[in-house]
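Note that the structure is predicted; figures quoted are calculated from it, not measured. Within every chain, numbering begins at 1; the chains are lettered A, B, ... in the order of the sequence lines, protein sequences first and strands thereafter. Reckoned from all heavy atoms, side chains included, excluding hydrogens, waters and symmetry mates.
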There are 2 protein chains.
Amino acid sequence: MKSTRNTTAKSAIQLLLQQSSVALSHKDIQNEVGKLCNRVTIYRILDRLVEEGEIHKIINTDGVIKYAPCNQCESHPNHNHDHVHFSCVKCDTVTCLDNVQPSYNLPPDYKVQEVNFTLSGICPNCIK
Amino acid sequence: MKSTRNTTAKSAIQLLLQQSSVALSHKDIQNEVGKLCNRVTIYRILDRLVEEGEIHKIINTDGVIKYAPCNQCESHPNHNHDHVHFSCVKCDTVTCLDNVQPSYNLPPDYKVQEVNFTLSGICPNCIK
DNA sequence: TAGGAAATGCAACTGAATTGCATTAGTTTT
DNA sequence: AAAACTAATGCAATTCAGTTGCATTTCCTA
Ligand SMILES: [Mn+2]
Ligand SMILES: [Mn+2]
Ligand SMILES: [Zn+2]
Ligand SMILES: [Zn+2]
C-alpha cells in the first residue's frame with residue numbers, strides 16, 4: 001500500500017485550516033503560507049488532505065472552492081458532510097454550520113452520495 | 001430604460017434550454033448550436049437570460065456552471081430557486097428537482113438571500 | 001426607412017487549475 | 001547511522017473557463 005508522509009508544508013496548511021473559523025480558498029492559504037511552498041504544492045496538499053478525510057471541499061456560490069476541516073469525520077466515518085454552509089456576500093466568508101442539517105424528500109431511486117448545501121446572504125457579523 | 005432584443009441566437013439558446021430535460025453547460029450549448037454564433041456570444045446571452053429571470057445558474061459539484069430554465073419564476077416572482085439539484089456522477093447530468101424543497105433550522109441573525117443545494121450520486125436512469 | 005443602441009465577432013487577455021519531469025526530502029531497512 | 005526507496009516538491013509549460021476592448025452588424029422604433 002502507498003503511504004502518506006508528514007511534511008512541513010502539509011502540517012502547516014492543516015494547522016492553518018484547523019485554527020481558522022472560516023473556510024479558506026487556495027489563494028487565502030497561499031497568502032498565509034507565503035513562500036513556505038510552491039502554489040502547485042498547495043493544490044496537491046489540499047487534494048491529499050481531502051483524500052485522507054481531514055478536510056472537505058465547499059463550492060462557493062461564485063464557483064470558488066474553499067476548504068474546511070472535517071469535524072464530524074472521526075465520529076461518523078462514512079458521513080457525507082451533510083451540513084449547511086453559509087456564504088456571506090458582505091464579508092465574503094464561508095462558514096461551516098456543522099450542526100445544521102437540512103431535510104428533504106427525494107423521489108425514489110435517487111442514491112445520494114454527497115451533499116453540497118450552501119446558503120448565501122448576510123452573516124451575523126455583518127447584519128448590524 | 002435599456003431594452004433587450006430578441007435575436008436568433010438568443011431565441012435558439014432559450015429554446016434549447018427549455019426543451020432539455022437536464023441542465024446545460026456553456027460547452028453543451030456550444031456543441032449544440034455549432035456555428036450559429038460565437039462562443040463569447042453564448043456567454044453573453046446566458047448572462048442576459050439570467051438577468052431577465054428566464055434561466056438560473058447551477059454550480060455543479062465539480063465547479064462547472066450549468067443552466068436551466070426557471071419554471072417557478074412566473075408564479076413566484078421573488079423566489080430564490082430554493083429547489084434541489086441532482087448531479088449524477090455516472091451520466092454527468094444535472095437535473096432540477098423543482099418541487100423538492102429542503103428545510104433547515106438556521107441560528108438567528110442569518111439573512112438568507114440565495115440557496116444552492118446540490119446532491120450528487122446516482123440518478124434513477126443509471127441506478128439499474 | 002433612417003438613426004441610435006443593443007448585440008455580435010474576433011483577438012487578446014486573465015486566473016484557476018493541471019501536467020511532466022527533474023530534484024529533494026521523509027521513512028524504512030539494513 | 002547510512003543507504004535505499006519512493007512520496008513530495010519546484011518549476012515551467014499547458015489547459016480550460018471565462019472576460020474584455022473594440023470595430024462591425026443587426027435589431028427596434030420613431
Ligand atoms: Mn463544512
Ligand atoms: Mn434548478
Ligand atoms: Zn459577513
Ligand atoms: Zn445518471
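- Looking at A:Arg39, its side chain has no donor and acceptor atom pair within 3.5 Å of the base of D:dG10.
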For residues 31-45 of chain B, tabulate all N or O donor-acceptor pairs below 3.5 Å that involve a side-chain atom, not counting sequence neighbours.
unit_1  : atom_1 : unit_2  : atom_2 : d
B:Asn31 : ND2    : B:Lys27 : O      : 3.4
B:Asn38 : OD1    : B:Val40 : N      : 2.9

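- With the end axes of the helix from C:dT1-D:dA30 to C:dT30-D:dA1 each set by five pairs, the angle from one to the other reads 30° at 10° resolution.
- Residue B:Thr41 has no polar side-chain atom (N or O) positioned under 4.0 Å from OP1 or OP2 of C:dA7.
- D:dA7 atom P lies 13 Å from atom NZ of A:Lys10, rounded to whole Å.
- For D:dT9, one of the phosphate oxygens OP1 or OP2 lies less than 4.0 angstrom from a side-chain nitrogen or oxygen of A:Thr7.
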What donor-acceptor contacts under 3.5 angstrom involve side-chain atoms of residues 10-18 of chain A, with partners at least two apart or in another chain?
unit_1  : atom_1 : unit_2  : atom_2 : d
A:Lys10 : NZ     : A:Glu52 : OE1    : 3.1
A:Lys10 : NZ     : A:Glu52 : OE2    : 3.2
A:Ser11 : OG     : A:Thr7  : O      : 3.0
A:Gln14 : NE2    : A:Glu54 : OE1    : 2.9

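- Distance, B:Asp28 CG to D:dC16 C1': 15 Å, rounded to whole Å.
- Scanning atom types as modelled, one donor and one acceptor separated by under 3.5 angstrom connect the side chain of A:Arg5 and the base of D:dT6.
- Within the structure, a side-chain polar atom (N or O) of B:Asn38 is placed less than 4.0 Å from OP1 or OP2 of C:dC10.
- For B:Ser3 and D:dC28, the shortest distance from a side-chain N or O to OP1 or OP2 is not below 4.0 Å.
- Remark: B:Arg48 is in phosphate contact with C:dA7, judged by side-chain N or O atoms under 4.0 Å from OP1 or OP2.
- For B:Thr4, a side-chain nitrogen or oxygen approaches OP1 or OP2 of C:dA7 to under 4.0 Å.
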